[in-house]
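As the structure lists them, so they are numbered: ligands from 1, and atoms in each ligand from 1. FYI, the numbering just counts along the sequence from 1.
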Amino acid sequence: MNPESVIEKAMKVLEENWLDLGNGLGFTMPSDCLYPFQWNWDSGFIAYAYAHIAPSKALSEMRALFSGQWDNGFLPHMVFHKKHANYFPGPDVWNCKSGSNVPRGLHTSGITQPPVVALTIWHLYEIVKETDEEHALEILREFYPKILHCHRHLKATRDPENSGLITIMHPWESGLDNSPRWDEALEQVESMDMSQFDRHDTACVSADTRPSDEEYGKYLYLVTLMRNECYDHAAMYDDFPFKIKDIIFSSIFQIANSKLLKMATELGEQLPEAEEWMQQFGTSISSRCWHKDDQFFYDIDLTTNTLITKKSVAGLSPLMTDAITADQRTAVMKHLFGGEFCGDGACPFNLAPSTPLKEAFFNPNLYWRGPIWINMNWLLWHALRDHGETEKAQAMKQAMLQLVTENGFWEYYNPETGKGLGATNFSWTAALVIDLLHEKTDTLC
Ligand code: 9WN
């Protein structure tokens, strides 16, 4: 397939998943059957691509997402713009009657997701600036305060320790829902009986590529705990049964803060607090999250105060940041390209699967426990490209394009066969391919 026809096909996927809300707002469903609402980091990735092909759509998508921002700055992981669509857990499950922070007239979830939006807005700004500097500045003026509010809220409620690392309170907040990194922590969490609910996801895609009922029971139990407290995350923080300093969430927060600082500079503002957050991350990532024997980065389980020594694609994510040492970078690159994660010809596609191939928990078809995801590899591609690994980055880009052109725009892929899995016509896969083919010189990391 030539690049033009890939872009055309990718645009068709996005068009089919686009929902116009009127009033200049609209959003892209990640997938019409499986995910018919708006998701936070999906929209960040999707609008990143719209910035190249339709900047006004990028703005609508971001405005729609921020219409769900709570008064306290919290940016939910889902916004339920329409009432009737099949998804579990839907608005009725999340609904907290007295939540004063929820925007009036809208339903949202009560957990968040990795803060990709600052990366998107900065990218949009850079593209729009090329033709219309004043409009570009207007975009910053509109979104900078909202993103700052969101980052301040994250810092205050999810890092009261001032470690520079963000605590997730639900596996869905990581975006890597059933990653094996959460297994032990979830063993300590109670479960809801799922027989009373209709999951719906398994009506769209094969159940053996999705999390189990047992995992869903725990996901739901955590949601219920939060709903009972109207999502006052700060009040629940001390005693909450699932609390993990997530390295990929924190690494994204780190690069997002560097964009926030750039926005501040463009607007003539000072933002010493964000510099401090970034320094805190720098200290913690290379000491607290680093496992000397394994030469790898791990998350921290705050309920036991231990490192979660499970290798996964998340442990590669500090490569995106400037905060790690040169030796750490070299060591992590060896993990990525030494055959553990498909490099060195270990798989037909030279990309990082969600977990290493030889781990006992590796399953090539099961969601975040083995398959290749395009958003993870897109982030790693940037990490390599933005840190001078031009050839390796180029090879990764080609591998992503090959995987997608040969198999279609799937949610995830079997790393051994390339077979597409989960939702078909998946929006962020299409969007990130568009970005790959519009490669510009701007940096993500
Ligand atoms: C729960 C929408 C989302 C992604 C997540 C992915 C999956 C939801 C689900 O789909 O999670 O948030 O129902 O499984 O894991 O990263 O944002 O695409």
Side-chain angles (χ1 to χ4, degrees), residues 13-14 17 19 27-49 61 65 68 75-81 85-91 93-94 108-117 120 168-182 194 197-213 215-220 222-223 226 246 248-249 252 312-314 317 354-355 366-379 409-413 421-432:
V13 169
L14 296 182
N17 288 339
L19 247 168
F27 76 97
T28 316
M29 297 176 286
S31 137
D32 59 353
C33 181
L34 196 54
Y35 309 118
F37 294 107
Q38 185 171 27
W39 262 260
N40 180 332
W41 78 332
D42 296 64
S43 278
F45 292 128
I46 294 161
Y48 205 94
E61 178 97 30
L65 181 67
L75 194 61
H77 102 297
M78 286 180 75
V79 186
F80 300 103
H81 293 288
N86 258 332
Y87 177 77
F88 178 84
V93 177
W94 291 99
T108 75
S109 71
I111 57 172
T112 189
Q113 262 187 337
V116 168
V117 285
T120 307
I168 56 161
M169 297 169 75
H170 194 293
W172 284 338
E173 293 200 310
S174 70
L176 280 65
D177 308 356
N178 72 341
S179 173
R181 291 139 72 211
W182 321 136
M194 286 303 292
F197 302 110
D198 175 11
R199 275 180 55 174
H200 185 71
D201 58 328
T202 45
C204 294
V205 301
S206 160
D208 56 7
T209 65
R210 293 284 304 171
S212 64
D213 265 5
E215 283 162 321
Y216 257 79
K218 289 174 186 256
Y219 299 157
L220 205 62
L222 292 171
V223 169
M226 292 189 198
D246 177 351
I248 186 160
F249 197 120
I252 291 176
S312 84
V313 68
S317 63
S354 38
T355 65
L366 184 51
Y367 212 36
W368 293 99
R369 301 177 80 92
I372 292 172
W373 288 74
I374 293 299
N375 67 335
M376 290 294 111
N377 283 278
W378 181 82
L379 289 171
F409 300 96
W410 290 85
E411 189 181 5
Y412 40 101
Y413 301 84
L421 299 162
T424 183
N425 291 333
F426 188 64
S427 294
W428 83 38
T429 302
L432 297 178

Partner of Trp378 under ring pair (Phe, Tyr, Trp, His ring centres under 6.0 Å), chosen from Trp373, Tyr48, Trp428: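 Among Trp373, Tyr48, Trp428, the one that satisfies the ring pair (Phe, Tyr, Trp, His ring centres under 6.0 Å) with Trp378 is Tyr48.
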Sole candidate of Tyr87, Phe80, Phe426, Trp172 that passes ring pair (Phe, Tyr, Trp, His ring centres under 6.0 Å) when paired with Trp39: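 Of the listed residues Tyr87, Phe80, Phe426, Trp172, the ring pair (Phe, Tyr, Trp, His ring centres under 6.0 Å) partner of Trp39 is Tyr87.
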Distance, nearest 0.5 Å, that separates CG of Leu421 from CD of Glu411: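 Answer rounded to 0.5 Å: 9.0 Å.
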Gap between atom CG of Asn375 and atom CH2 of Trp41 - 0.5 Å precision: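 So the CH2 of Trp41 and the CG of Asn375 are separated by 4.5 Å.
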Salt bridge (Lys or Arg N to Asp or Glu O under 4.0 Å) pairs, two or more places apart, involving residues 168-178: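 For residues 168-178, and leaving out neighbouring residues, the salt bridge (Lys or Arg N to Asp or Glu O under 4.0 Å) pairs sorted by first residue read Arg158-Glu173.
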Short side-chain donor-acceptor distance under 3.5 Å, Asp246 and Ser174: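 Result is no, nothing qualifies.
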Protein residues that have a heavy atom under 4.0 Å from any atom of ligand 1, sorted by chain and number: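 Residue list for ligand 1: Pro30, Tyr35, Trp39, Trp41, Asp42, His77, Tyr87, Gln113, Trp172, Gly175, Asp177, Arg210, Tyr216, Tyr367, Trp368, Phe426, Trp428.
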